[in-house]
Amino acid sequence: MRIAFLGTPEFALPSLDMLRESGHTLAVFTQPDRPVGRHATLTPPPTKAYALEHGIPVYQFEKIRLPEGVEALKAFVPELMVTAAFGQLLSAENLAIPKYGCINVHGSLLPKYRGAAPIQWAIIDGETETGITTMMTSIGMDTGDILLVDKLAIDPDETAGELFERMALLGAETLKKTIAALETRTLVRIPQDETQATKCPMLKKEHGKLDLTQTVAAVHNRVRGTNPWPGAFALLDGEPLKIHKTRKTEQPTGDEPFGILKGNARHGLFVRCADGWLEILELQAIGGRKLGAKDYLAGKTLEGKVLI
RNA sequence: CGCGGGGUAGAGCAGUUGGUAGCUCGUCGGGCUCAUAACCCGGAGGUCGUUGGUUCAAGUCCAUCCCCCGCAA
């Protein structure tokens, strides 16, 4: 089949790889190269790098809805379009181009967690289950008819980065089954239950700000849901302290103020939350590299200081 | 040349106006103890990121290069 693949980050790679392995005729449409890193090096999106490596034609548009993008899509004459974390909204004109329409690979159990960062928000909210939903792309934000769903259990200590990898692989599988069903004309379209719909926003830096007046579980979920990006942090002496990894503990509590730290290089570092102590396993001070809490404490003490 | 922090024992840090390199953890040995991740005593382990310069003397001052990191994007 001739498939126009619209995707951008790592999440889209397994799906793209699956399509290529399956022998489809592909063209990749993705975002323009972006400045990345400390020196703002112009970097191609992962899907572009993959496409170049495998001799797949690549097209990059700031907005594929504009005439230029529409023309490029039409010129490829796709029978099907597939989107996976593309990062741009499509127009009705875009969607009308392929005869089989457009299938989207989404990282949540729709209609829950529509939007840009469903995997992270599922963890932040403490969900124990998520999954991949393939759907017919429509004009709204992840509102199209559901095609297939594969569920996935979230490990209690899993980080967003770890879950991302598993979800990306599962996405490729679910997409493969979806296309197989399309080819045998056995796809069933199930409209979403709008009353159950929830939306999640794109993650920003400030979503990593910890609130130590929340429960141990809530803080822990925030830490792992924002790892590796944007990363959780709290303020120590007015400076941000990144918290990369934490672990829930059963330590007894007294009347300590929320956010106060205790611990040493031998036992580890603990912070008081609303209902107990959360162990901080990995952290990073402002000019420093990422360190285990015990290594960090070998050089200085945080005993009695308070995270805000 | 966007702003800034940093490279000193295995790890994390300190090192004042240049004058024999310290601390915590780990490690090794010994002791105490019913026992211990606790405590006490002792030991090993560093050409102080590179190269060059100033000086009687450089971890410390100057220059250069390499590497790591935070912010911003």
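Convention: sequence-line order gives letters A, B, ...; per-chain numbering from 1.
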Can you check the distance between B:C48 and B:G15, where both ends of the measurement are the C1' atom (answer in whole Å)? 11 Å

Suppose you measure atom C1' in B:C71 against the same atom in B:U64; what distance do you get, rounded to whole Å? 27 Å

For nucleotides B:G49 and B:A37, find the distance between their C1' atoms and express it as a whole number of Å. 35 Å

Any side-chain N or O of A:Lys290 under 4.0 Å from OP1/OP2 of B:A11? no

What is the separation between atom CG on A:Asp33 and atom C1' on B:A73, rounded to the nearest whole Å? 16 Å

Salt-bridge test for A:Glu158 and A:Arg166: reply yes if a basic N is under 4.0 Å from a carboxylate O, no otherwise. yes

Which of B:A11, B:A37, B:C69 is nearest the side chain of A:Arg289? It is B:C69

Would A:Ile260 and A:Leu212 count as a side-chain contact (heavy atoms from CB on, under 4.5 Å) if you check the C-alpha gap in whole Å, the side-chain angles of each, and the deciding distance to 0.1 Å? CA-CA 9 Å; A:Ile260 196 167; A:Leu212 284 319; over 6 Å; no

Please check if any side-chain donor atom of A:Gln192 sits under 3.5 Å from a side-chain acceptor atom of A:Arg114, or the reverse. yes

Against the side chain of A:Lys205, the closest entry in B:C71, B:C69, B:C68 is B:C71

Length of the CH2-P vector between A:Trp229 and B:C71, whole Å: 11 Å

What distance, rounded to whole Å, do you find between the two P atoms, one in B:G59 and one in B:G18? 13 Å

Determine the Euclidean distance between corresponding C1' atoms of B:A9 and B:C25; express it in Å to zero decimal places. 12 Å

For B:U8 versus B:U47, give the span between their C1' atoms, rounded off to a whole number of Å. 12 Å

For salt bridge (Lys or Arg N to Asp or Glu O under 4.0 Å), just list the numbers for A:Lys112 and A:Glu127, CA-CA rounded to whole Å, side-chain angles, deciding distance to a tenth of an Å, and then say yes or no. CA-CA 11 Å; A:Lys112 293 177 77 176; A:Glu127 300 281 350; 3.6 Å; yes

Inter-nucleotide P distance (B:C61, B:G19), Å rounded: 11 Å

By the Watson-Crick or G-U definition, both distances under 3.5 Å, B:C13 is matched with B:G22

When A:Leu6 is tested against each of A:Asn94, A:Leu90, A:Thr30 for side chain to side chain contact (heavy atoms under 4.5 Å, CB included), which residue passes? A:Leu90

A:Asp295 has an atom CG; how far is it from atom C1' of B:G12, in whole Å? 6 Å

Does B:G70 have OP1 or OP2 sitting under 4.0 Å from an N or O in the side chain of A:Gln284? yes

Looking at every heavy atom in both A:Phe61 and A:Pro32, which two are closest together, and how far apart are they? O-CD, 3.5 Å

To the nearest Å, how far apart are A:Phe233 CZ and B:C69 P? 20 Å

Protein-nucleotide distance (A:Leu283, atom CG; B:A11, atom C1'), rounded to Å: 14 Å

Roughly how far apart, to the nearest Å, are B:G10 and B:C66 at atom C1'? 23 Å

If we call it a pair only when both distances are under 3.5 Å in a Watson-Crick or G-U wobble match, what pairs with B:C3? B:G70

Option from A:Thr133, A:Asp125, A:Asp142 for which side chain to side chain contact (heavy atoms under 4.5 Å, CB included) with A:Tyr113 holds: A:Asp125

Mate of B:G42 across any strand shown (Watson-Crick or G-U wobble, both atom pairs under 3.5 Å) is B:C28

Nearest-Å distance for atom pair CG/P, residues A:Leu281 and B:A11: 21 Å

Centroid-to-centroid, A:His207 to A:Trp229, below 6.0 Å? no

Which atoms of nucleotides 24-27 of chain B (N or O only) lie under 3.5 Å from a protein N or O atom, and what are those distances?
residue : atom : partner  : partner atom : Å
B:U24   : O2   : A:Ala298 : O            : 2.9
B:G26   : OP1  : A:Arg266 : NE           : 3.2
B:G26   : OP2  : A:Arg266 : NH2          : 3.1

In whole angstrom, give the distance that lies between atom CG of A:Leu42 and atom C1' of B:A73. 12 Å

Base paired to B:A57 (Watson-Crick or G-U; both N/O distances under 3.5 angstrom): none

A:Asn264 CG to B:G12 C1': how many Å, rounded? 14 Å

Judged by modelled atom types alone, do A:Gln31 and A:Lys63 share a side-chain donor-acceptor pair under 3.5 Å? no

